[in-house]
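Report on one structure; see the data block that follows.
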Amino acid sequence: MAFSERKMPGICSVFLLVVLFAHSCHGFYLPGSYMHTYSTSDTIVAKVNSLTSIETELPFSYYSLPYCKPLDGIKKSAENLGELLMGDQIDNSPYRFKMNVNESLYVCTTSPLNEHEVKLLKQRTRDLYQVNMILDNLPVMRIAKQNGVSIQWTGFPVGFTPPNSNDDYIINHLKFKVLVHEYEGSGVQIIGTGEEGMGVISEADKKKASGYEIVGFEVTPCSVKYDPEVMTKLHMYDSISPVNCPLELDKSQIIRERERISFTYEVEFVKSDIRWPSRWDAYLKMEGARVHWFSILNSLMVITFLAGIVFVIFLRTVRRDLTRYEELDKEAQAQMNEELSGWKLVVGDVFREPDCAKLLCVMIGDGVQITGMAAVTIVFAAFGFMSPASRGMLLTGMIILYLFLGIAAGYAAVRLWRTLKGTSEGWRSVSWSVACFFPGIVFVILTVLNFILWGSKSTGAIPISLYFVLLSLWFCISVPLTLVGGFLGTRAEAIQYPVRTNQIPREIPARKYPSWLLVLGAGTLPFGTLFIELFFILSSIWLGRFYYVFGFLLIVLLLLIIVCAEVSVVLTYMHLCVEDWRWWWKAFFASGSVALYVFLYSINYLVFDLQSLSGPVSAILYLGYSMIMAIAIMLSTGTIGFITSFYFVHHLFSSVKID
């Protein structure tokens, strides 16, 4: 993927020019891990990630099962914050290859399986656990055929259970196919942002870079019954005869007590025309592009409909009413006030301080922080800076952004507090509450889920050391920055109301139906914008699929912001027209109520799309994470709606002449 310097705007252009000045090149590849080239017979070692299952959603360590261990012992790879939070545990493995050398090798034979090991292997097999291998930062891919259609999966199963059988069979022979591309140094500079860090391959490194690059990693898993007496005479990496995957069960390796399982593998190197920058394309094939476009067109129709309503409100109703009101003399205005009803009659109450003003300020502050984090992350991902080759980078980036956007959260909350109260007194309490409200909710939910994961001995459990790291980031970075933002909020000019507030609150006329019913119903419109993309996001999280259509997600985010703003403005105006001046919280929840529908949709997805999810532990984990997502969406969308409504009301009543 090449970019010319003329096409890169802003900061990217400056960055590009700097690198161009330092190294002559024809183009860039962003992003991905640093490109490795190998000479013939160079040793390449595969790594193993946690075992995963779409049935339980509980990751476990690869070496929790009786697999062969490397000769030099198990060594963990360095993991970033995002990987640790996602439950990744990457270790070295005994599977090693030599570039362009096709071979069949013996790994090891286990000691006789005991009752515990048999029970564990059977349980992992029946829970459909997958082994996840990595070679040169590429996950292993298995291609299976169902009804004549080739389906790609990442990883391969621990074992399999034949239909109508109580016996389980283990996968103990792996047939690897490594796709390689001969690289001769094309003068293309490659900037990597993967686990190996930032690096550049330039024209000067042509000779050094020449060799073979790995562009594909596939596996065909087999179960083969070996004679343990013969196999135990071999040593690790001794050559064996190539194996044909048996179709008969009596030639497959059964899982039962006292069985000794021999592990073997063979590797074949195949030259490919796939170039290194395109090697992730096979994993990121976008299915259902028409569905994404349908979602966007559907959202555009909703936006057009709401925009029409807002247009009518502004140009017909508001403008006409204001013109008539201002053309009258004072006596006629007084007489008109007695005769008319609607938003003009709440002029003395519309800016009256709402109930739970501090909580509103705190939620708006956290909403600003979450919205900013989501917007910046999605923009960066849409432009290709969040590579799937860099596992955990997306989550790590989101956490870092959230920490530093504490300044914006503190500023927004304290400025709103000053506007409501007319004084800066109590700003420290507001800032502290902003820094602790949403992170505190997330921390409580994660702690409960973590105790469940600890009880299950899953690698998804957050280690104690990481808990202290997260707490340190929270109280040493987020809280101080939020207080700094709050201090800046006290120095900013308070927003002045265009009208005075009466001392005695105006009585709100009785209504035939509760106003909150309309507020909750309004959430269906933003949800209509979001729900199709939500399906793909949930599938990527819970079904182990790659989600990389951030361009669509960016468009959906922009449409969601517009719909939330329009829905909140329309509902606020409707409430003011029936002389209901308590619009503050209703403006927030008019768009924020979309979170209720998101959570209900998550439950629907659990019941109908995650039918394989087994056990109460998995369901509790799913609902816990869905609750965090719904709360974040509520704060974000509610903030968008509230801020838009606030400025709408401010502009509306600043047009009214009051003596």
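Please read these numbers as outputs of a predicted model, since none were measured by experiment.
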Could you tell me if the side chain of [Y] sits less than 4.5 Å from the side chain of [X], heavy atoms only?
| X | Y | value |
| --- | --- | --- |
| Val569 | Thr572 | no |
| Ser433 | Lys358 | yes |
| Phe653 | Phe648 | no |
| Phe550 | Val379 | no |
| Leu446 | Tyr625 | yes |
| Leu538 | Tyr622 | yes |
| Thr639 | Asp366 | no |
| Ile603 | Leu623 | yes |

Shortest non-hydrogen contact from [X] toward [Y]:
| X | Y | result |
| --- | --- | --- |
| Ala461 | Trp454 | CB-CD1, 3.3 Å |
| Ser431 | Thr482 | O-CG2, 3.4 Å |
| Ala595 | Ala630 | CB-O, 3.1 Å |
| Ala632 | Ile370 | O-CG2, 3.9 Å |
| Leu360 | Pro354 | CD2-CG, 4.0 Å |
| Trp474 | Cys436 | CZ2-CA, 3.9 Å |

### Message
By the salt bridge (Lys or Arg N to Asp or Glu O under 4.0 Å) test, which pairs, at least two apart or in different chains, include something from residues 412-423?
### Response
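Non-adjacent pairs meeting salt bridge (Lys or Arg N to Asp or Glu O under 4.0 Å): Glu353-Lys421.
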### Query
Run the side-chain contact (heavy atoms from CB on, under 4.5 Å) check on Phe646 and Trp583 step by step: do they pass?
CA-CA 9 Å; Phe646 179 84; Trp583 60 272; 3.8 Å; yes
### Task
Test side-chain contact (heavy atoms from CB on, under 4.5 Å) on Val484 and Phe487 and set out the steps.
CA-CA 5 Å; Val484 168; Phe487 177 76; 5.6 Å; no
How about [X] and [Y]: does a side-chain donor come under 3.5 Å of a side-chain acceptor?
| X | Y | result |
| --- | --- | --- |
| Thr637 | Ser591 | no |
| Ser568 | Ser645 | yes |
| Ser539 | Tyr605 | yes |
| Thr490 | Ser424 | no |

### Audit row: Tyr467, Phe443, ring pair (Phe, Tyr, Trp, His ring centres under 6.0 Å) steps and yes/no
CA-CA 10 Å; Tyr467 251 99; Phe443 189 78; 5.5 Å; yes
#### Entry: Met629 atom CE: more than 12 heavy-atom contacts under 6.0 Å
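More than 12 heavy atoms, drawn from other residues, nucleotides or ligands, come within 6.0 Å of this atom.
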### More than 12 heavy atoms from other groups under 6.0 Å of CZ on Phe380
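Atom CZ in Phe380 is not packed in, count stays at 12 or less.
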### Task
Applying side chain to side chain contact (heavy atoms under 4.5 Å, CB included), name anything that partners Leu558, two or more places apart in sequence or on another chain.
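Side chain to side chain contact (heavy atoms under 4.5 Å, CB included) list for Leu558, sorted by chain: empty.
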### Query
Should Val649 and Phe351 be marked as a side-chain contact (heavy atoms from CB on, under 4.5 Å) after you check the CA-CA gap, both sets of side-chain angles, and the distance that decides it?
CA-CA 9 Å; Val649 173; Phe351 290 109; 3.8 Å; yes
Are any side-chain N or O atoms of [X] and backbone N or O atoms of [Y], one a donor and one an acceptor, separated by less than 3.5 Å?
| X | Y | answer |
| --- | --- | --- |
| Tyr597 | Leu525 | no |
| Trp417 | Glu425 | yes |
| Trp585 | Asp355 | yes |
| Gln369 | Ala409 | no |
| Trp432 | Trp427 | no |
| Ser456 | Ser458 | no |
| Ser636 | Ile633 | no |
| Trp584 | Arg352 | yes |
| Tyr497 | Thr419 | yes |
| Ser429 | Gly426 | no |

### Residues Lys586, Asp580; criterion salt bridge (charged side-chain N to carboxylate O under 4.0 Å, His left out); working and verdict
CA-CA 10 Å; Lys586 289 165 188 172; Asp580 187 352; 2.5 Å; yes
Looking at [atom1] of [X] and [atom2] of [Y], how far apart are the two atoms once the value is rounded to the nearest 0.5 Å?
| X | Y | atom1 | atom2 | value |
| --- | --- | --- | --- | --- |
| Leu470 | Ser478 | CG | OG | 11.5 Å |
| Ile640 | Leu635 | CD1 | CG | 11.0 Å |
| Leu559 | Thr529 | CG | OG1 | 6.5 Å |
| Leu394 | Ile399 | CG | CD1 | 10.0 Å |
| Leu453 | Leu621 | CG | CG | 5.0 Å |
| Ile555 | Leu560 | CD1 | CG | 13.5 Å |

### Task
Go through the steps for His575 and Val519 under the test side-chain contact (heavy atoms from CB on, under 4.5 Å), then give the verdict.
CA-CA 10 Å; His575 281 106; Val519 170; 4.0 Å; yes
### Message
Run the ring pair (Phe, Tyr, Trp, His ring centres under 6.0 Å) test on Phe588 and Phe642 for me, step by step, so that the C-alpha distance in whole Å, both residues' side-chain angles and the decisive distance to 0.1 Å come before the verdict.
### Response
CA-CA 5 Å; Phe588 181 90; Phe642 174 83; 7.2 Å; no
